[in-house]
Amino acid sequence: MILIKNIYKYYNKLTVLNNINLVINQGDSIALLGPNASGKSTLIKSILGLVVPERGTIYINSEDIRKNESYRTKIGYMPQISHYPENLSSEEIIKLILQIRNLNNNYFPYELVEEFELKHHINKKINSLSGGTKQKLSAILALMLDYEIMILDEPTSGLDPNISLKFINKIKEKNNQGKTVIIVTHTISEINELSKRIVYLNEGNILIDEKIDNLKYLSNQFDLKQFI
C-alpha cells in the first residue's frame with residue numbers, strides 16, 4: 001500500500017504539490033490525470049524518491065520511504081522518455097539492471113525480447129536505436145521482474161499499435177495478479193484498459209479521486225476527454 005500524507009513541494013515561490021493526501025491500496029489501478037504542470041510528474045518522482053517534498057510523508061507498506069531506500073526494489077518504473085548510456089547495448093543494459101537487482105546470472109527475459117521484437121536490435125548500441133525501439137527496451141525492463149508496484153508514464157508513446165497492445169495486456173495481467181498500477185496518460189484507451197480509478201490533479205491539488213464507474217454513475221454526461 002502507498003500512503004501519501006500532507007505532501008507539499010515548492011519550486012521557488014511556486015507550489016507544485018499542495019497538501020496532497022492519497023491512499024493507493026495493493027492491487028489498485030489508477031490513472032493519474034491532469035493538464036501539463038499540474039503536479040503529476042512531481043508526485044510520481046516523490047514516490048520514486050527522485051524528488052524530496054518540503055513537508056509531508058510517503059509510506060510504502062507502512063514504512064517511511066525516507067528511512068529505507070530498499071522499497072525501490074518493489075517498483076517497476078517506465079518513464080515517457082528514457083535515457084540510457086549510449087555506448088551500451090540493450091542486452092548490456094538488461095544484464096546491468098539484473099546485476100543491480102542481485103539476480104541469478106542465468107536469468108534473461110528472452111521471451112519478452114522476442115515478444116516485443118527487440119531480438120534483432122539486442123546487440124546494437126543505444127545511440128543507434130530509434131525512439132520506438134528504446135521504448136521497447138523500457139517496456140521489457142518494466143515487465144521483466146516481479147514488481148509489487150508499476151508506475152507508467154505515457155508508456156505506449158512511440159510504440160507501434162501491435163506492441164502497445166501486447167504491453168497493455170501484460171500490464172492487465174500484472175494487475176489481475178494483485179500488482180498495483182499507476183499510469184500517467186493522455187490516451188483514453190489506456191485509461192479504459194488499465195485503470196479503475198481516476199486521480200485528477202490541477203495546480204498541485206487533487207480535484208477528483210474517484211472510481212471511474214462511480215463517475216459514470218454520478219454523471220450522465222461523463223466523458224473521459226474532459227480529464228485529459
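Here the structure is a predicted model, which means the values were calculated and not measured.
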Taking all atoms of both residues into account, what is the closest heavy-atom pair of [X] and [Y], and its distance?
X: P155; Y: F167; value: CB-CE2, 3.5 Å
X: L98; Y: Y107; value: CD1-O, 3.4 Å
X: K124; Y: S128; value: CB-OG, 3.6 Å
X: V52; Y: K9; value: O-NZ, 3.1 Å
X: H121; Y: S90; value: O-OG, 4.1 Å
X: H186; Y: G34; value: NE2-O, 3.9 Å

Sub-4.5 Å side-chain heavy-atom contact between [X] and [Y]:
X: I140; Y: P109; result: yes
X: I206; Y: L22; result: yes
X: N61; Y: Y71; result: no
X: M78; Y: E154; result: no
X: Y11; Y: V51; result: yes
X: K172; Y: N169; result: yes
X: V184; Y: L33; result: no
X: R197; Y: D209; result: yes

To the nearest 0.5 Å, tell me how far [X] [atom1] sits from [Y] [atom2].
X: L112; Y: L143; atom1: CG; atom2: CG; answer: 6.0 Å
X: E86; Y: L129; atom1: CD; atom2: CG; answer: 10.0 Å
X: E114; Y: L118; atom1: CD; atom2: CG; answer: 10.5 Å
X: I60; Y: I2; atom1: CD1; atom2: CD1; answer: 5.0 Å
X: S195; Y: I30; atom1: OG; atom2: CD1; answer: 9.0 Å
X: T15; Y: E54; atom1: OG1; atom2: CD; answer: 9.5 Å

Using only atom types and a distance under 3.5 Å, with no angle test, would you say the side chain of [X] pairs donor to acceptor with the backbone of [Y]?
X: K174; Y: K179; result: no
X: T187; Y: S189; result: no
X: N68; Y: S70; result: yes
X: K40; Y: P35; result: yes
X: D153; Y: I151; result: no
X: T180; Y: G27; result: yes

Would a single hydrophobic cluster contain both [Y] and [X], if residues Ile, Leu, Val, Met, Phe, Trp and Tyr are joined by side-chain heavy-atom contacts under 4.5 Å?
X: L201; Y: L152; result: no
X: L141; Y: F108; result: yes
X: L194; Y: I47; result: no
X: I168; Y: Y147; result: yes

Do I97 and M144 pass the side chain to side chain contact (heavy atoms under 4.5 Å, CB included) test, and can you show the C-alpha distance, the side-chain angles, and the key distance before you say yes or no? CA-CA 10 Å; I97 297 301; M144 68 180 185; 3.6 Å; yes

Could you check whether [X] pairs with [Y] (Lys NZ or Arg NE/NH1/NH2 to Asp/Glu carboxylate O, under 4.0 Å)?
X: D64; Y: R66; result: yes
X: E115; Y: K170; result: yes
X: K95; Y: E91; result: yes

Test salt bridge (charged side-chain N to carboxylate O under 4.0 Å, His left out) on K196 and D28; report intermediate values, then the result. CA-CA 8 Å; K196 299 181 181 70; D28 271 353; over 6 Å; no

Side chain to side chain contact (heavy atoms under 4.5 Å, CB included) evaluation trace for I44 with Y77: CA-CA 10 Å; I44 290 299; Y77 174 51; 4.1 Å; yes

Should we say atom [atom1] of [X] is surrounded by more than 12 heavy atoms from elsewhere, each under 6.0 Å from it?
X: K45; atom1: NZ; value: no
X: E63; atom1: CD; value: yes
X: Q26; atom1: CD; value: no
X: Q177; atom1: CD; value: yes

CA sep, side-chain torsions, deciding dist, call: K136, I163, side chain to side chain contact (heavy atoms under 4.5 Å, CB included): CA-CA 8 Å; K136 292 178 183 179; I163 299 298; 4.1 Å; yes

Just checking, any donor-acceptor pair under 3.5 angstrom between side chains of T133 and S130?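 There is such a pair between these side chains.
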
S82 and S138: side chain donor to acceptor below 3.5 Å: yes

Residue of the set V16, I58, I20, I4 for which side-chain contact (heavy atoms from CB on, under 4.5 Å) holds with S46: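 Only one of V16, I58, I20, I4 forms a side-chain contact (heavy atoms from CB on, under 4.5 Å) with S46, namely I58.
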
Going through the distances and angles, do S89 and I126 end up as a side chain to side chain contact (heavy atoms under 4.5 Å, CB included)? CA-CA 6 Å; S89 67; I126 292 298; over 6 Å; no

